[in-house]
Number of protein chains: 2
Amino acid sequence: MQGSSHNVVEKDDRDLRTLILDRASRLLVEDGYSGISMRKIAQAIGYSATTIYHQFGSKDGLFHALVEEGMDRLARYLDQAKGDGLAALCRAYVNFGLENREYYEIMFLVTPDSVDRYPIHKYRRARRNLDLFAEAVADVLGAPSTDLQYVRSEATTVWAALHGIVALIVAGRIDRGIGEEQFVVGSIRRIVGAYSSGALA
Amino acid sequence: MQGSSHNVVEKDDRDLRTLILDRASRLLVEDGYSGISMRKIAQAIGYSATTIYHQFGSKDGLFHALVEEGMDRLARYLDQAKGDGLAALCRAYVNFGLENREYYEIMFLVTPDSVDRYPIHKYRRARRNLDLFAEAVADVLGAPSTDLQYVRSEATTVWAALHGIVALIVAGRIDRGIGEEQFVVGSIRRIVGAYSSGALA
DNA sequence: CATCCGTACTTAACACTGTTAAGTTCATGT
DNA sequence: ACATGAACTTAACAGTGTTAAGTACGGATG
């Protein structure tokens with residue numbers, strides 16, 4: 001049924017595509033995810049909403065593209081902290097989340113009902129980001145890089161903890177009596193501590 | 001402007017109110033948050049949508065009531081594990097999240113754009129739940145119950161880690177190669193470990 | 001009895017959303 | 001000159017939260 005979209009990406013389409021993405025990104029940052037709509041984006045670029053559909057197929061399509069861009073941004077944060085140890089990597093992750101709240105929202109907070117059929121290949125970026133944590137965790141644990149599954153699981157645990165931190169802060173659910181910076185620093189210290197001091201063999 | 005709602009809660013209104021809440025809860029569990037709408041709920045109980053507005057003021061009003069109910073459910077889970085140590089409390093939290101995904105979604109995952117002006121008094125329940133963690137953390141740390149602010153902050157760190165676990169699992173973002181149960185158990189062990197083995201004085 | 005009044009509820013609309021069928025416009029190739 | 005197809009638009013559908021206006025009824029008051 002929906003096989004009508006030819007997925008045409010010719011030379012000139014690139015321009016329109018990036019124009020849409022740029023404006024959408026702008027509006028996303030300004031108004032948050034729930035503040036943007038296909039019509040608003042369309043109006044902002046001077047095209048009709050249907051044009052966006054011709055380019056991205058659906059709002060999810062545009063959504064995915066923005067998520068991808070967010071993953072790249074995150075990767076830049078993490079790459080910069082690469083090699084500086086687990087604590088630095090954790091801090092970089094949290095910094096990304098707090099400094100790019102709207103991107104964090106669409107990347108990890110919003111579930112557009114179609115998260116199940118996310119095109120898997122688009123998650124290579126996400127997995128690569130996780131692998132950065134796996135490396136750092138393996139380092140701290142005195143990695144037997146044989147058991148990759150185990151290291152990945154532990155890296156996911158670290159990621160979950162960090163995600164919890166960012167998610168609660170971004171959602172404004174942390175008690176105001178608790179200083180944000182102190183909370184972040186203290187939490188990361190706990191996370192790293194759980195892996196450093198010979199804990200759990 | 002919106003001061004027109006008399007907030008009338010007489011005898012008979014209780015029935016209709018709980019009728020709405022029951023059906024809404026049912027639909028929430030069956031269809032998830034995005035699957036319910038005022039009109040659908042109204043149709044399910046044989047009233048017009050406007051009637052729900054007369055009872056709850058807005059979708060957010062109904063939403064808040066459901067969140068409150070969810071907080072009670074969570075409290076029941078946590079109370080059952082009370083006194084059995086931090087690990088048991090953590091496990092109870094995660095179990096609640098995984099066994100009541102739709103409630104967890106509206107409680108901590110969905111941000112209805114008005115999370116800022118949540119009526120604070122409704123968060124007594126939420127804070128009480130957090131206090132249960134504070135107690136358990138204080139126990140494990142060899143509590144100087146003087147520094148309540150510090151204990152609360154550490155309890156929030158634990159909560160954040162647990163929230164991350166549930167959030168990622170519920171959102172289906174954990175790599176399928178990682179066993180859910182093993183992941184949960186391993187993560188909780190790390191969390192408890194971060195506080196038990198004389199870590200961080 | 002008749003009138004008023006407020007409660008409980010409904011209908012109908014507004015402005016918005018994502019989405020799509022059915023065009024239209026227009027340059028290009030034959 | 002004609003056909004093709006790509007690029008783009010208009011107009012609509014079905015749905016959303018929300019609200020103004022109105023109806024029906026029951027009880028109190030003149």
Side-chain angles (χ1 to χ4, degrees), chain A residues 1-21 23-24 27-28 31-67 106 110-115 117, chain B residues 1-21 23-24 27-28 31-67 106 110-115 117:
Chain A
M1 284 297 181
Q2 69 270 40
S4 67
S5 80
H6 282 216
N7 238 353
V8 184
V9 181
E10 313 271 340
K11 328 145 202 180
D12 294 346
D13 280 351
R14 282 247 168 258
D15 292 347
L16 179 52
R17 218 186 138 83
T18 61
L19 174 63
I20 295 172
L21 277 176
R23 286 289 187 196
L27 288 178
L28 171 70
D31 302 347
Y33 175 67
S34 62
I36 63 175
S37 75
M38 301 300 264
R39 284 177 176 85
K40 279 186 194 165
I41 297 168
Q43 189 184 350
I45 59 174
Y47 283 79
S48 79
T50 316
T51 295
I52 304 180
Y53 280 87
H54 288 144
Q55 284 290 330
F56 294 93
S58 65
K59 194 182 186 185
D60 265 25
L62 174 59
F63 185 88
H64 291 357
L66 286 173
V67 168
I106 62 166
V110 161
T111 51
D113 277 357
S114 59
V115 76
R117 20 191 167 104
Chain B
M1 285 296 180
Q2 70 269 43
S4 67
S5 80
H6 281 215
N7 238 353
V8 185
V9 181
E10 314 269 342
K11 328 148 202 177
D12 295 345
D13 280 351
R14 282 248 168 255
D15 291 347
L16 179 53
R17 218 185 139 82
T18 60
L19 174 64
I20 295 172
L21 277 176
R23 285 290 187 196
L27 288 177
L28 171 69
D31 302 347
Y33 175 68
S34 62
I36 63 176
S37 76
M38 300 302 264
R39 284 177 175 84
K40 278 186 196 167
I41 297 168
Q43 188 183 353
I45 59 173
Y47 283 79
S48 80
T50 317
T51 295
I52 304 180
Y53 281 87
H54 289 145
Q55 284 290 330
F56 293 94
S58 66
K59 195 182 185 184
D60 265 26
L62 175 58
F63 185 88
H64 291 357
L66 287 173
V67 168
I106 62 167
V110 160
T111 52
D113 276 359
S114 59
V115 77
R117 19 192 167 104

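Below, all heavy atoms of this structure are taken into account, side chains as well, without hydrogens, waters or symmetry copies. Just so we're on the same page: letters track the sequence lines, and every chain starts at 1.
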How long is the span from the [atom1] atom in [X] to the [atom2] atom in [Y], to the nearest 0.5 Å?
X: B/Ile52; Y: B/Arg23; atom1: CD1; atom2: CZ; result: 12.0 Å
X: B/Gln55; Y: B/Leu21; atom1: CD; atom2: CG; result: 9.0 Å
X: A/Ile20; Y: A/Ile45; atom1: CD1; atom2: CD1; result: 4.5 Å
X: A/Ile41; Y: A/Asp31; atom1: CD1; atom2: CG; result: 10.0 Å

Could you state the atom-to-atom distance from [atom1] of [X] to [atom2] of [N] in whole Å?
X: B/Asp31; N: D/dT16; atom1: CG; atom2: P; value: 11 Å
X: A/Gln55; N: D/dA7; atom1: CD; atom2: P; value: 8 Å
X: B/Met38; N: C/dC16; atom1: CE; atom2: C1'; value: 16 Å
X: A/Ile41; N: C/dT17; atom1: CD1; atom2: P; value: 10 Å
X: A/Ile52; N: D/dC8; atom1: CD1; atom2: C1'; value: 12 Å
X: A/Tyr53; N: C/dT17; atom1: OH; atom2: P; value: 11 Å
X: A/Phe56; N: C/dT19; atom1: CZ; atom2: C1'; value: 16 Å
X: A/Asp15; N: D/dA7; atom1: CG; atom2: P; value: 12 Å

For [N], does OP1 or OP2 lie under 4.0 Å from any side-chain N or O of [X]?
X: B/Tyr47; N: C/dC9; value: yes
X: A/Ser58; N: C/dG18; value: no
X: B/Thr51; N: C/dC9; value: no

Can you list everything that forms a side chain to side chain contact (heavy atoms under 4.5 Å, CB included) with B/Thr51? Sequence neighbours excluded, please. B/Leu16, B/Tyr47, B/Ser48
With sequence neighbours left out, what residues match A/Tyr53 under side chain to side chain contact (heavy atoms under 4.5 Å, CB included)? A/Met38
Does B/Lys40 use its side chain to pair, donor to acceptor, with the backbone of B/Gly35 at less than 3.5 Å? yes
N/O donor-acceptor pair, side chain A/Arg39 with base C/dG18, under 3.5 angstrom: yes
Scan nucleotides 20-27 of chain D nucleotide by nucleotide, 5' to 3', and note B when protein non-hydrogen atoms come under 4.0 Å of the base, S if they reach only the sugar-phosphate, - if neither. B-------
Select base, sugar-phosphate, or nothing to describe what B/Ser37 touches, counting heavy atoms under 4.0 Å on all strands. sugar-phosphate
Measuring centre to centre across the rings, with the benzene-like ring taken for any Trp, is B/Tyr33 within less than 6.0 Å of B/Phe63? yes
Choosing from D/dT16, D/dT18, D/dC8, which nucleotide comes nearest the side chain of B/Lys40? D/dT16
Is the shortest side-chain heavy-atom distance between B/His64 and B/Phe56 below 4.5 Å? no
How bent is the helix from C/dC1-D/dG30 to C/dT30-D/dA1, measuring the angle between the end axes built from five pairs each, rounded to 10°? 40°
